[in-house]
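Since we're looking at a predicted model, the values are computed, not measured.
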Amino acid sequence: MSVDLKLWHVAVDAPLPGALTYSAANFPGLQAGQVVTVPLGKRTAQGLALAPVEKYESEFKIKEILEIHPEYPVFPPAFLKWISWLSSYYVHPIGLVMKSAIPPLTKESKRKSKKAAVIPDAEPAKRPELTDEQQRVIDGILSKPGFGAHLLFGVTGSGKTEVYIRLLEQVLSEGKQALVLVPEISLTPQLLRRFVNRLGQSVAVIHSHLTEREKTDQWWQMVDKKKQVLIGARSALFCPLENLGMIIVDEEHEPSFKQEEQLKYHARDSAIMLAKLSDCPIVLGSATPSLESYKNALDGKYHLHRMEKRVENRPMPNIEVVDLKSFGRKEKHERDSEERERVFWLSPPLEEKIRDRLAKREQVALFLNRRGMAQIVVCPACGETATCPNCSVSLTLHARHHLVCHYCNFQDKLTEECGNCKQGELRAVGMGTERVEDDLKSLFPNARITRADRDNIQSREALEEMIRQIENREVDILVGTQMIAKGLDFEGLTLVGMVLADIGFNLPDFRAAERSFQLLMQMGGRAGRHLDYPGEVVIQTYNPQHSSIQYAQTHDYIGFAEQELALRRELFYPPYGRLAAIRLQGTNQSAVINAANAIRNQALVMQKTYPALKTLDILGPAEAPLAKLRGNH
Ligand code: ADP
Ligand code: ZN
């Protein structure tokens, strides 16, 4: 078969399932990986030249490529293969995948942004002597050049970041570049500084809070090889690096590595594929590996590296579990005699420990994965609850009279009288971070209290300012959602309280237990990281026997993983089985139901036709957990 070099497959920025064919007659030197401009209908579009066409059979008239974009470099072959893999594996138009790999603005280096620096200034930092565990892990990883997936399973405070830094130093010394992926929420100046202090000028960063100019500049710094280490949230994967020497994925278990909109991809899994195509090692780090990764390590697909001790033999935190049921009963019994109404969500043991820390001028963090004052506003006379007109959820009370839908931001005013029966007086039930903050203010009037949740912290600047205040000991008690459970590292923090651990247990997700366990373990990781005596964690719960709590209390990841994997195997859930969901949405409910039924019937027909599909279980259709969202069923 003769290769006609004049015709090319081009991934065009448009929602088309595959690449289009164009003629490169005017550009005999065109190479795979070049960015081109092509005509598309009546407009022009950007495209990526993928490969020459081997055989073209179609009566369509071939259009000419208009220009080779003068600015962009040739995308490396491994990266091109990766783009094609993403498109086919995640079933997304290749042109739209390609678009993620092109920076939002054109290159232009004259104008300097006057805003705060994207990369914090380096501060002098010493290079610690490695622990035996760290040294063993580093030697183990560096002894295997080329592609290999390494799971670094190290308890919180075992010094994983130091391991990353040493590995990065090695990559730099070989003249290569590296990619470090971290969850968006952990990508704080605090974390960046740890890398910059040691790796200096070689660090670039990409995350979703940068301006388009900043993002474009950082992209070019890497592509022009002015910087060597790109630290970023999942989107940093799309920076085409030619000489990739290593990929590191920190907190590899984090669900936020999965993008649920547009290109629905998992950044950790995609990073493994990129490492494979680039033939470089990839390191997945976590104190609580995802069960998928842990099983891959058990099966020998990943190299397992363990760090079981905190550095300098610092102890693991003490975890106390408080059974809220026992306090509930006592309160009822004493209600008549006791004048003072106790803050209902705060158990005496936790309250006492908070007082103790405040007296010692140490810091406290309380977590609750619910925002606002109350989750439900209900009429005690007729049972009517305030719900969102666009979504199938109840409205959350904020401040005294402000009702908000947490999904679509619909807002309403709380009236005293029930709009339904015109008799009852609406009552707020439940609690959230705002309520916790309010109650703490009246319980501890002299304490400096701050709240970290999406209502209070709406910008990156606000988050950074809050972190600065905590570091400077301008805050005594921090109240927050899981926004603050991850990755933060404060010297004065010695007590962490989980206000109500039960919230995560019953989510309609087969990973609910895993998520709860991870959250509890991560939280414990926040306490007493710099102390010679253990930090403390108090978990308040109505289900003290729940396995996530039991295993977290003894820091027993392996015990948890064994039990949970056994369950998953029995139910044929991942990592044993695979699940695919077909999600439909529309404003007309019966149209959505009809379409869902039609798809089910079609699936059954296909299963009868193709023997390979015999082993599939076809479930549903079923209503989504949120049956209506922003007006869509
Ligand atoms: P992890 O990421 O595993 O939770 P970190 O990397 O944050 O742990 O390390 C915990 C603390 O120990 C940090 O303050 C870090 O600077 C310090 N550290 C790391 N390695 C060493 C070492 N070899 N000697 C002394 N301190 C260390
Ligand atoms: Zn809504």
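Under the 3.5 Å distance criterion, the side-chain polar atoms of Q540 are matched with a main-chain donor or acceptor of S347. A donor-acceptor pair under 3.5 Å is absent between the side-chain atoms of K215 and the main chain of I206, judged by distance alone. A donor-acceptor contact shorter than 3.5 Å links the side chain of D556 to the backbone of G559. A donor-acceptor contact shorter than 3.5 Å links the side chain of S548 to the backbone of A513. With hydrogens and angles ignored, the 3.5 Å screen pairs a side-chain donor or acceptor of D323 with a backbone N or O of K325. D250 places no side-chain N or O within donor-acceptor distance of the main-chain N or O of V182, the cut-off being under 3.5 Å. Looking at K258, its side chain never comes within 3.5 Å of a backbone N or O of H266 through a donor-acceptor pair.
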When you look at Q563 and S547, which way does the side chain to side chain contact (heavy atoms under 4.5 Å, CB included) test go after all the steps? CA-CA 9 Å; Q563 176 200 282; S547 70; 3.3 Å; yes
Let me see the working for R515 and L519 under side chain to side chain contact (heavy atoms under 4.5 Å, CB included), right down to the final yes or no. CA-CA 6 Å; R515 299 269 183 264; L519 185 60; over 6 Å; no
Between K264 and E260, is the salt bridge (Lys or Arg N to Asp or Glu O under 4.0 Å) condition met? List the steps. CA-CA 5 Å; K264 297 171 188 66; E260 307 267 5; over 6 Å; no
Would V364 and L478 count as a side chain to side chain contact (heavy atoms under 4.5 Å, CB included) if you check the C-alpha gap in whole Å, the side-chain angles of each, and the deciding distance to 0.1 Å? CA-CA 6 Å; V364 177; L478 172 65; over 6 Å; no
Test S186 against E251 for side-chain hydrogen bond (donor to acceptor under 3.5 Å, both in side chains), laying out the working first. CA-CA 9 Å; S186 330; E251 311 284 356; 5.5 Å; no
Between Q218 and E214, does a side-chain hydrogen bond (donor to acceptor under 3.5 Å, both in side chains) hold up when you go through it step by step? CA-CA 6 Å; Q218 295 293 310; E214 289 166 341; over 6 Å; no
Please step through side chain to side chain contact (heavy atoms under 4.5 Å, CB included) for the pair E254 and Q518, ending with a clear verdict. CA-CA 9 Å; E254 265 297 308; Q518 284 163 346; over 6 Å; no
Run the side-chain hydrogen bond (donor to acceptor under 3.5 Å, both in side chains) check on E471 and Q190 step by step: do they pass? CA-CA 10 Å; E471 278 180 338; Q190 210 183 13; 3.2 Å; yes
Let's go through T433 and D453 carefully: what are the C-alpha distance in whole Å and the side-chain angles of both, what is the deciding distance for side-chain hydrogen bond (donor to acceptor under 3.5 Å, both in side chains) to 0.1 Å, and is it a yes or a no? CA-CA 8 Å; T433 42; D453 58 29; 2.7 Å; yes
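Here the CG-CG distance, from N446 to D476, works out to 9.5 Å after rounding to the nearest 0.5 Å. The distance from atom CE of M316 to atom NE2 of H555, rounded to the nearest 0.5 Å, is 5.0 Å. In this structure, CD on E352 lies 11.0 Å from CG on L346, to the nearest 0.5 angstrom. With rounding to the nearest 0.5 Å, the separation of CD in E465 from CD1 in I470 is 10.5 Å. In this structure, CG on L324 lies 9.5 Å from CG on L350, to the nearest 0.5 angstrom. Rounding to the nearest 0.5 angstrom, the gap separating the CG atom in L440 from the CD1 atom in I477 is 5.0 Å.
With salt bridges taken as basic N to acidic carboxylate O contacts below 4.0 Å, none links R511 and D509. Under the 4.0 Å criterion applied to side-chain N and carboxylate O atoms, K422 and E417 are not assigned as salt-bridge partners. No salt bridge links R306 with E133; every basic N to acidic carboxylate O contact stays at or beyond 4.0 Å. The pair R357-E536 meets the salt-bridge criterion, since a charged nitrogen lies less than 4.0 angstrom from a carboxylate oxygen. Ionic pairing of R468 and E464 is not present here: no N-O contact between side-chain nitrogen and carboxylate oxygen is shorter than 4.0 angstrom. Of the charged side-chain nitrogens involved, at least one lies within less than 4.0 Å of a carboxylate oxygen, so that D438 and R400 count as a salt-bridged pair. Salt bridge annotation for K441-D439: absent, with no cationic side-chain nitrogen under 4.0 angstrom from a carboxylate oxygen. Between D455 and R371 there is a salt bridge, with a side-chain nitrogen of the basic residue lying less than 4.0 Å from a carboxylate oxygen of the acidic one. Ion pairing between E292 and R268 fails under the 4.0 Å rule for side-chain N and carboxylate O. Ion pair R370/E434 not flagged as a salt bridge, since none of the NZ, NE, NH1 or NH2 atoms sits closer than 4.0 Å to an Asp/Glu carboxylate oxygen.
Within a 6.0 Å sphere centred on CD of E416, other residues, nucleotides and ligands contribute 12 heavy atoms or fewer. For Y407, the OH atom sits in a loose shell: 12 or fewer heavy atoms of surrounding residues, nucleotides or ligands are nearer than 6.0 Å. Under a cut-off of 6.0 angstrom, the local environment of CG in D132 is sparse, with at most 12 non-hydrogen atoms contributed by other residues, nucleotides or ligands. Annotation for Q262: atom CD does not count as buried by contact number, only 12 or fewer foreign heavy atoms lying within 6.0 Å. Other residues, nucleotides and ligands contribute at most 12 non-hydrogen atoms within 6.0 Å of the CZ atom of R427.
Annotation: side-chain hydrogen bond (donor to acceptor under 3.5 Å, both in side chains) contacts of T131 (sequence neighbours excluded): Q134.
Residues F257 and R234 come closest through the heavy atom pair O-CD, 4.0 Å. Nearest heavy atom pair, residue R310 against residue R314, reads CB-O, 3.2 Å. R473 approaches G492 most closely through the heavy-atom pair NH2-CA, 3.4 Å. Shortest non-hydrogen contact noted between S442 and P445 is O-CD, 3.7 Å. Closest non-hydrogen pair, A125 versus N197, comes out as CB-CB, 3.7 Å. Counting all heavy atoms, side chain and backbone alike, L152 lies closest to V137 at CD1-CG1, 3.9 Å.
Aromatic ring pairs are classed by plane angle as parallel below 30°, tilted from 30° to 60° and perpendicular above 60°; the pair F517 and Y557 is tilted. Ring orientation note: the planes of Y164 and F195 are close to parallel, at an angle under 30° on the 30°/60° scale.
There is a side-chain donor-acceptor pair under 3.5 Å between H402 and Q411. Residues T541 and D502 bring a donor and an acceptor atom of their side chains to less than 3.5 Å of each other. Side chain to side chain, T156 and Q522 fail the donor-acceptor criterion of an N or O pair below 3.5 Å.
Not less than 6.0 angstrom separates the ring centroid of H305 from the ring centroid of F153.
Across S286, S290, S293, a single residue satisfies side-chain hydrogen bond (donor to acceptor under 3.5 Å, both in side chains) together with H253, and that is S286.
Side-chain contact between H209 and E184 is present, with at least one heavy-atom pair separated by less than 4.5 Å.
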Table please: side-chain donor-acceptor pairs of residues 382-395 below 3.5 Å, with sequence neighbours left out.
{"residue": "S392", "atom": "OG", "partner": "A627", "partner atom": "N", "Å": "3.1"}
{"residue": "S392", "atom": "OG", "partner": "K628", "partner atom": "N", "Å": "3.1"}
{"residue": "S394", "atom": "OG", "partner": "Q375", "partner atom": "O", "Å": "3.2"}

